[in-house]
Structures are given as C-alpha cells and as structure tokens.
There are 2 protein chains.
Amino acid sequence: MQMNRSTRRTRNVITINDVARLAGVSPMTVSRVVNDEKNVRESTREAVLLAVRELNYVPNLAARNLASAEHVRIGVIYSNPSAAYLSEFLVGVLDESAGKGAELLLVKCEASNPDAERISVQRLIDSAVTGVVLPPPLSESDTVREALQAAGIATVGVATGRFRSDLSCVRVDDRAAAEDMTRYLLDLGHRRIGFIKGHPNQTASAERLTGFRAALRHAPDAKAEVVQGYFTFPSGLEAAERLLDAEVRPTAIFASNDDMAAAVVSVAHRRGLDVPRDLTVVGFDDTSISTTLWPALTTVRQPVSAMAAAAIDLLLRETRAAKDGRTPEPTDVIVPHTLVERQSSSPPRPA
Amino acid sequence: MQMNRSTRRTRNVITINDVARLAGVSPMTVSRVVNDEKNVRESTREAVLLAVRELNYVPNLAARNLASAEHVRIGVIYSNPSAAYLSEFLVGVLDESAGKGAELLLVKCEASNPDAERISVQRLIDSAVTGVVLPPPLSESDTVREALQAAGIATVGVATGRFRSDLSCVRVDDRAAAEDMTRYLLDLGHRRIGFIKGHPNQTASAERLTGFRAALRHAPDAKAEVVQGYFTFPSGLEAAERLLDAEVRPTAIFASNDDMAAAVVSVAHRRGLDVPRDLTVVGFDDTSISTTLWPALTTVRQPVSAMAAAAIDLLLRETRAAKDGRTPEPTDVIVPHTLVERQSSSPPRPA
DNA sequence: GAATTGTGAGCGCTCACAATT
DNA sequence: GAATTGTGAGCGCTCACAATT
C-alpha cells in the first residue's frame with residue numbers, strides 16, 4: 001500500500017529505485033552494475049542493464065558525490081601549445097566532464113621547464129585530484145609523468161606519438177596519417193616534396209617523418225627534402241625559406257602541423273607564388289587556422305575534442321577500477337584521423 | 001553526551017551543522033545566510049558569517065544540488081573568435097564554475113548567422129540552462145540577446161564595448177584603454193600614427209577608435225591615419241600594406257587587436273623594416289600571440305580569464321536572486337586593463 | 001499581519017555490514 | 001570458504017511548513 005507522498009516537490013525523474021523495482025533487485029545491486037563493479041552475476045547484470053535502458057536511467061551525480069566517499073576531481077596541466085589546439089581540447093574536456101559530475105582543475109605550466117612542471121604536479125596533488133589528463137606537449141614530459149606516477153595518480157596522455165607501456169594514452173596513428181597524406185601528394189603527381197619536421201621533443205614528430213618516408217619508398221622517382229621545424233609559425237617561416245631557396249623548388253610542402261603550413265603559405269605569397277598552382281601546401285591537425293587562411297589548408301584532421309573527451313572517459317574508468325582494487329593495464333586508444341582536402345593542394349603545374 | 005558515531009567513513013569536514021552550532025542558530029538559518037536570501041535579521045546574518053569565516057566553511061555542492069529543486073547549468077555560446085581568446089576564456093569559465101558546482105554546456109555557433117544563432121539558443125533552452133554567458137562577438141548579437149530575453153534566461157555578455165541597460169556585462173573600458181595606449185605612443189614621441197580599426201559589428205571597435213582620437217586631440221601636431229580591419233590576421237596584413245604604402249610612413253601603428261598587430265609586424269619584416277627601430281607596433285588584448293611573436297608585442301591586457309570568471313559569478317548571483325523572486329537590474333562590471341610594455345615599441349628614430 | 005527562525009523529512013545515492021547462495 | 005545479494009543508515013543540504021517574535 002502506498003503511503004501518501006510527502007508534500008515535497010515531486011520530481012518525475014527515474015531513480016535507482018525505479019530501476020531496482022523493474023529489474024527485481026535491490027537498489028544496491030543496480031548501483032553495483034551501474035558502477036561496473038565486479039562480483040555481480042552475469043544474468044543479474046544483464047537484467048539490470050535492460051531495466052536501465054528501458055527506463056533511460058541516468059544516475060544523479062549530486063547524489064553519487066554526496067553518498068560516495070570522495071569526489072572525482074580531474075586535473076589538466078596545460079602549457080602553451082597552439083591556442084587553437086588548447087581551445088578545442090578544453091571544449092572536449094568540458095563536454096565530457098560536465099555530464100559526469102567530475103570537477104575540473106586546470107593548471108598552467110611552462111613547458112620544458114622541469115621545475116615549473118614539478119610545481120604544477122604538486123599543486124594538483126595538493127588539491128587531491130583523482131586523475132590527470134595531459135595534453136601535448138606535456139603528455140611526453142618525463143618529469144610530469146614520473147611525478148604523477150610516484151604519487152600514484154592515474155594519468156592519461158593525449159596525442160603522444162607512441163604508446164608506452166606505463167602510460168595510458170589517446171592518440172591518432174601519426175605515422176599512418178603522415179603516410180596517407182604523403183601518398184595523397186604522390187597521387188596528385190608531386191615528385192619533389194618538402195617536409196618540415198615537428199619539434200624533436202615530441203615523439204609524434206618522428207612518427208610523422210617515418211610515415212612520410214614510408215610512403216616515399218613506394219615512389220622511387222620522388223625526391224624529398226626534409227628540414228627542421230618546431231611546430232611554431234616562425235619556425236615554419238624559416239623552414240619554408242630554406243625549402244624554397246633550393247635550386248629546384250619542391251612542388252609540394254608537407255608541414256608537420258597547420259601553424260607551420262600557414263607560415264609556408266605566407267612565405268610563398270611573399271615570393272609571388274600562387275598556392276596551390278605553383279606550390280601545394282599541406283598541414284597536420286586541422287586546427288582553426290587551416291580554415292581561417294586563404295587558401296584553406298588541406299590537412300590531416302585530428303579529432304582533438306573527441307580525443308580529450310575520450311581521455312576523460314578513460315581516466316574515469318581507470319580511477320573507478322582502482323577504487324575497486326583493480327589495477328588496470330595502461331590502455332592505448334587510437335582514434336581515426338581523416339584527410340581533409342581543401343584548396344591548398346592540387347596537381348603540380350606541368351613543367 | 002556524544003553518541004557513538006556510525007561505523008561509516010568519518011569525514012572531518014565542516015558542515016552547515018558545525019556553523020549552526022557555533023553561531024547558535026539552526027542549520028536552515030545558516031543556509032539562508034549562505035544563499036543570500038532576504039528576511040534574515042542583520043545581526044543574525046553577521047553572526048552566521050562570522051562563524052562561516054571562523055570555521056572556513058565551504059558548502060557541499062553535491063548536497064546542495066541534491067537537496068535543491070534544480071541544478072545550475074550554465075550555457076556558453078561561442079563562435080570562432082581568435083582561438084587564443086577562446087582558450088583563455090574557457091580557462092576562466094572553467095575555473096570559476098568548477099568550484100561552484102555549476103554544470104557547463106558549450107555550444108558552438110557560427111557568428112553573424114541569425115539562423116545558426118537562433119538554433120544555438122534553442123539548444124540551450126532545450127537543455128534547461130539556468131543562465132548563459134556570451135563571449136565576443138556573440139555578446140553583441142541582437143538575435144542571441146533577444147532570443148534569450150524572450151525565453152527569460154539570465155544572460156551576461158563579456159567584452160562588449162558599451163553597457164546597455166538590458167544586458168549585464170563584464171568588460172574593460174575600451175575607450176580609456178585605447179586612449180592610454182595612444183598617449184603612451186605620443187609620450188614616446190610618435191607623431192605619425194596609423195590606426196587599424198576592429199570589426200564594425202562590435203561596439204568595442206568604435207570605442208577604441210574614439211579613445212585613439214581623444215588622445216590625439218591633446219597633440220595637435222600629430223597626424224593619424226585610420227584604416228579598416230576586421231580583427232583577423234589577413235585583414236591586418238592588408239591594413240598594414242595600406243598604411244605602409246603612404247608617402248610619409250607612420251612611425252607607429254596601433255592595431256585594434258593582437259592578431260592584426262602580428263600581421264603588421266609580419267608585413268614590416270617583409271619590407272625590411274625593423275620593429276621597433278623603424279616601426280613601433282602595438283596591439284590590444286594581450287592574447288598569447290603577443291608573446292609568441294618576435295619582437296613581443298606591447299599591448300593592452302584584457303584579463304580575459306578573470307572576466308570570464310566574473311561573468312560566471314555575476315550570472316550565478318543573478319539566477320539565485322531570480323529564484324528568490326527578485327529581478328536584479330542589469331549590472332555593468334568594468335575590470336581594469338593594463339598597458340603591457342614589451343619589445344615592439346620604442347621612440348621613433350630621429351629623422 | 002509581516003518578518004524571522006526552527007522543525008522534520010527527504011533529495012538519490014553508496015557505505016559497512018549481514019545474509020544468502 | 002567465496003561469490004552474490006540485500007539491509008539500514010547516513011552523506012549535507014533545502015524543502016514546505018509551523019512556530020515564534
């Protein structure tokens with residue numbers, strides 16, 4: 001017999017009790033299933049999940065936070081990569097954590113400065129974060145990784161060039177992506193191709209170069225010229241000058257990121273070269289500069305927001321598992337890249 | 001006599017009950033004071049606030065969210081302003097809302113497209129946001145403002161050039177800031193000054209121009225050349241070419257934002273001009289590009305993160321007041337700007 | 001009557017343990 | 001004994017109302 005409901009505001013929201021009733025179990029069992037805990041019989045789990053789906057149940061995060069011992073607080077240490085990258089990254093981080101009730105703590109940090117890095121990590125530790133997400137370039141900082149590992153804090157790196165067995169990461173396959181782009185240039189008919197490398201402190205730089213070289217192996221008649229860059233616009237200017245000063249100019253230049261590709265376009269225009277008629281220019285990342293520019297850049301799209309979101313998701317999964325006494329193996333999440341063809345590329349002009 | 005505490009995890013955290021006990025009132029009274037409700041005697045309020053401060057009480061947001069009828073969800077509609085601006089803005093929004101338990105909902109929107117703007121607003125309304133923060137340039141969109149007002153959603157605009165009586169805003173005094181910068185150039189000794197205007201769809205553009213002109217009125221011997229820009233790097237390139245093509249070149253160029261100032265530096269270098277020896281270049285905003293560049297830009301610092309944080313704070317205050325039945329007057333929050341002197345400015349070369 | 005303060009219950013979940021298989 | 005499920009209380013706040021000034 002149903003008691004008269006209290007006079008309180010009626011919320012017509014599905015709760016854990018509704019799910020429990022439908023599944024014929026206790027609310028605690030529903031809680032176990034929803035939180036992916038072990039020691040739930042498979043048939044029970046399925047019954048609960050069925051009820052969850054049927055009722056479209058979404059756990060109340062406020063209640064979970066209040067009832068559970070600790071709060072999920074995720075730290076993000078960011079340095080000054082391309083601002084375009086950071087804003088896309090933050091959008092992804094936000095979108096994912098907002099819905100999961102995780103608190104975010106952002107800490108700025110000068111990159112390539114071990115002292116500053118250690119201080120940033122310490123600040124996160126002092127703030128009792130449960131996990132940390134590292135966007136590039138800090139995702140490859142030994143200092144940061146070691147300090148976090150020493151403190152036993154779950155960490156996920158984003159956009160590292162390679163997977164390493166002691167750090168979960170979310171990345172694209174940089175090598176395959178660079179290979180795809182190079183093959184695209186070869187298919188257009190280019191045979192003299194300049195390549196601008198990324199910063200040597202990031203493994204993605206080497207991977208992209210490897211991919212570039214791998215594609216060229218299938219075109220023995222092609223000539224490659226490789227110069228160093230550092231992912232910045234100014235370094236791209238300098239690299240472009242070097243490549244375009246060659247006696248026989250390349251007909252295409254592949255820059256390891258969009259900022260440097262934008263610099264190549266800038267230098268080309270200064271020299272009176274039409275892009276793409278006289279020079280094809282392609283980039284990597286698909287950050288906002290690639291469409292701000294004229295001509296818009298052909299580039300490799302890294303789904304930055306989705307990667308950030310995936311990193312948060314992975315981190316939450318790992319911290320939850322850790323709380324449950326399991327120590328999850330570091331995971332290597334590879335997300336698909338896409339080649340985005342825009343106006344900065346075309347077949348070379350017939351000689 | 002103290003009962004044996006439950007076997008449950010002991011949290012040694014200050015709660016509303018601790019404050020109530022110390023202040024000699026009921027928890028509900030503490031709740032009223034903390035939430036800034038009316039109908040609390042002034043002496044009671046003071047006693048409670050004293051206890052809050054003494055114990056360093058911070059309300060548990062999860063408990064508040066669970067107990068109170070509705071959730072605070074703040075929408076942010078962003079378009080594609082400078083990426084550097086957006087990332088700073090998001091950092092501020094995040095820092096402020098994380099600590100206040102507000103959920104954030106980001107919606108991207110193509111600017112200057114009324115249909116897209118209406119769709120974005122509708123998405124926020126459908127998601128039951130309690131308030132909306134508008135970064136530029138959407139903070140000045142009539143479409144967006146009207147749609148939100150029609151839906152009765154509290155809104156705060158950021159970095160609008162002027163205050164209007166129907167919209168709370170957080171901004172710097174653009175006119176005064178531009179006047180300061182211009183006076184700085186005059187004090188350095190410049191008498192031929194180029195000015196690149198911002199996009200005409202933002203009131204800040206006009207304010208900055210007004211400030212520039214106001215400062216020049218005190219230097220009757222100075223000559224000004226004003227050209228149109230649109231806040232983008234390419235528009236800055238074009239404007240710089242126009243200014244530097246003049247028979248008598250300006251010795252200083254004041255661009256209405258950093259992106260355009262960076263473009264001016266780029267054009268100057270292309271023409272073999274040394275910055276600042278041959279040409280002083282100054283910007284506005286102090287976004288990350290101003291220090292990435294060489295020489296680093298002298299510019300006006302807008303504390304973007306702090307402004308975003310202030311906007312969130314103001315919004316929370318307004319929605320809370322509205323819940324309490326009060327209709328707060330739109331507020332005009334002006335935050336201080338600062339002139340940041342770096343390497344791109346110097347006295348003009350003696351003729 | 002209006003302004004101010006307090007009371008008891010309840011928001012939706014998870015804890016620690018107990019009970020069952 | 002181990003694996004699985006349930007029980008009762010409690011997390012820290014605010015609601016609706018009642019009681020007091």
Side-chain angles (χ1 to χ4, degrees), chain A residues 3-21 23-48 51-52 55 57-72 100-101 320 323-325, chain B residues 3-21 23-48 51-52 55 57-72 100-101 320 323-325:
Chain A
M3 285 309 223
N4 210 340
R5 272 303 192 93
S6 91
T7 57
R8 210 155 192 210
R9 60 260 144 117
T10 347
R11 305 189 194 184
N12 43 2
V13 170
I14 303 297
T15 73
I16 201 170
N17 294 303
D18 300 318
V19 178
R21 213 171 301 129
V25 298
S26 74
M28 196 57 225
T29 298
V30 176
S31 171
R32 291 192 178 100
V33 172
V34 169
N35 288 308
D36 215 24
E37 282 177 35
K38 58 188 177 187
N39 293 352
V40 177
R41 191 180 297 144
E42 198 47 39
S43 58
T44 310
R45 180 183 304 277
E46 277 162 22
V48 170
V52 164
L55 296 175
Y57 167 66
V58 179
N60 180 315
L61 302 163
R64 177 184 284 169
N65 280 334
L66 180 57
S68 61
E70 56 189 324
H71 203 77
V72 177
K100 309 240 167 145
R320 188 161 295 160
K323 204 170 136 195
D324 210 38
Chain B
M3 284 310 223
N4 211 342
R5 272 303 193 92
S6 92
T7 56
R8 209 153 193 215
R9 62 261 146 110
T10 348
R11 307 186 193 182
N12 41 3
V13 171
I14 302 297
T15 73
I16 201 169
N17 295 302
D18 300 317
V19 177
R21 213 171 300 127
V25 298
S26 74
M28 195 56 224
T29 298
V30 176
S31 171
R32 290 193 178 100
V33 172
V34 168
N35 289 309
D36 215 26
E37 282 176 34
K38 58 188 177 187
N39 293 352
V40 178
R41 191 179 297 144
E42 198 47 38
S43 59
T44 311
R45 181 184 302 277
E46 277 163 22
V48 170
V52 164
L55 296 174
Y57 167 66
V58 179
N60 181 314
L61 301 163
R64 177 184 284 172
N65 279 335
L66 180 56
S68 60
E70 56 188 323
H71 204 74
V72 177
K100 308 241 167 144
R320 188 162 296 157
K323 204 171 139 196
D324 211 38

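Naming: A, B, ... by sequence-line order, numbering from 1 per chain.
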How many whole angstroms separate atom [atom1] of [X] from atom [atom2] of [N]?
X	N	atom1	atom2	answer
B:Asn65	D:dG12	CG	C1'	12 Å
A:Leu61	C:dC13	CG	C1'	11 Å
B:Arg32	C:dG6	CZ	P	8 Å
B:Lys38	C:dA2	NZ	P	13 Å
A:Glu37	C:dC13	CD	P	14 Å
B:Asn60	C:dC11	CG	P	18 Å
A:Ile14	C:dC13	CD1	P	10 Å
B:Ile16	C:dG8	CD1	C1'	15 Å

Practice problem: Return the minimal non-hydrogen interatomic distance between B:Asp18 and B:Val13, and the atom names on each side. | Solution: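 For B:Asp18 and B:Val13, the tightest heavy-atom pair comes out as OD2-O, 3.7 Å.
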Quiz prompt | For the student: nearest non-hydrogen atoms of B:Pro27 and B:Ala20, plus distance | solution =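 Where B:Pro27 meets B:Ala20 most closely, the heavy atoms are N-CB, 3.6 Å.
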Between [X] and [N], is there a side-chain N or O to OP1/OP2 distance below 4.0 Å?
X	N	answer
A:Ser26	D:dG6	yes
B:Asn39	C:dA3	no
A:Asn17	C:dG12	no
B:Asn35	D:dT14	yes

Practice problem: With DNA chain C as reference, determine whether A:Met28 or A:Arg41 sits nearer its 5' end, using the nearest nucleotide of each. | Solution: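 Closer to the 5' end of DNA chain C: A:Met28.
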Quiz item: Closest nucleotide of DNA chain C for B:Ala63 versus for B:Pro27: which of these residues is on the 5' side?
Solution: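 The residue whose closest nucleotide sits nearer the 5' end is B:Pro27.
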Looking at [options], which one has an atom nearest to any side-chain atom of [X]?
X	options	value
A:Ser68	C:dC13, C:dC15, C:dA16	C:dC15
A:Val25	D:dC13, C:dC13, D:dG6	D:dG6
B:Thr29	C:dC11, C:dT5, D:dT4	C:dT5
B:Ala67	C:dG10, D:dC11, C:dC13	C:dG10

Practice problem: Could you pick out which residue, A:Thr44 or B:Val34, lies toward the 5' side of DNA chain D when each is mapped onto its nearest nucleotide? | Solution: A:Thr44
Enter the distance from [X]:[atom1] to [Y]:[atom2] here, rounded to the nearest 0.5 Å.
X	Y	atom1	atom2	result
B:Leu66	B:Leu61	CG	CG	12.5 Å
A:Leu55	A:Ile14	CG	CD1	5.0 Å
A:Ile16	A:Met28	CD1	CE	7.5 Å

Self-check item: Axis bend over the full length of the helix from C:dA2-D:dT21 to C:dT21-D:dA2, computed from five pairs that close each end, to 10 degrees
Solution: 30°
Self-check item: Pair A:Thr15-A:Asn60, side-chain contact (heavy atoms from CB on, under 4.5 Å): steps then yes or no
Solution: CA-CA 8 Å; A:Thr15 73; A:Asn60 180 315; over 6 Å; no
Quiz prompt | Worked verdict on A:Asn35 versus A:Arg64 for side-chain contact (heavy atoms from CB on, under 4.5 Å) | solution = CA-CA 10 Å; A:Asn35 288 308; A:Arg64 177 184 284 169; 3.3 Å; yes
Quiz prompt | Worked check of side-chain contact (heavy atoms from CB on, under 4.5 Å) between B:Asp36 and B:Arg45 | solution = CA-CA 9 Å; B:Asp36 215 26; B:Arg45 181 184 302 277; 3.8 Å; yes
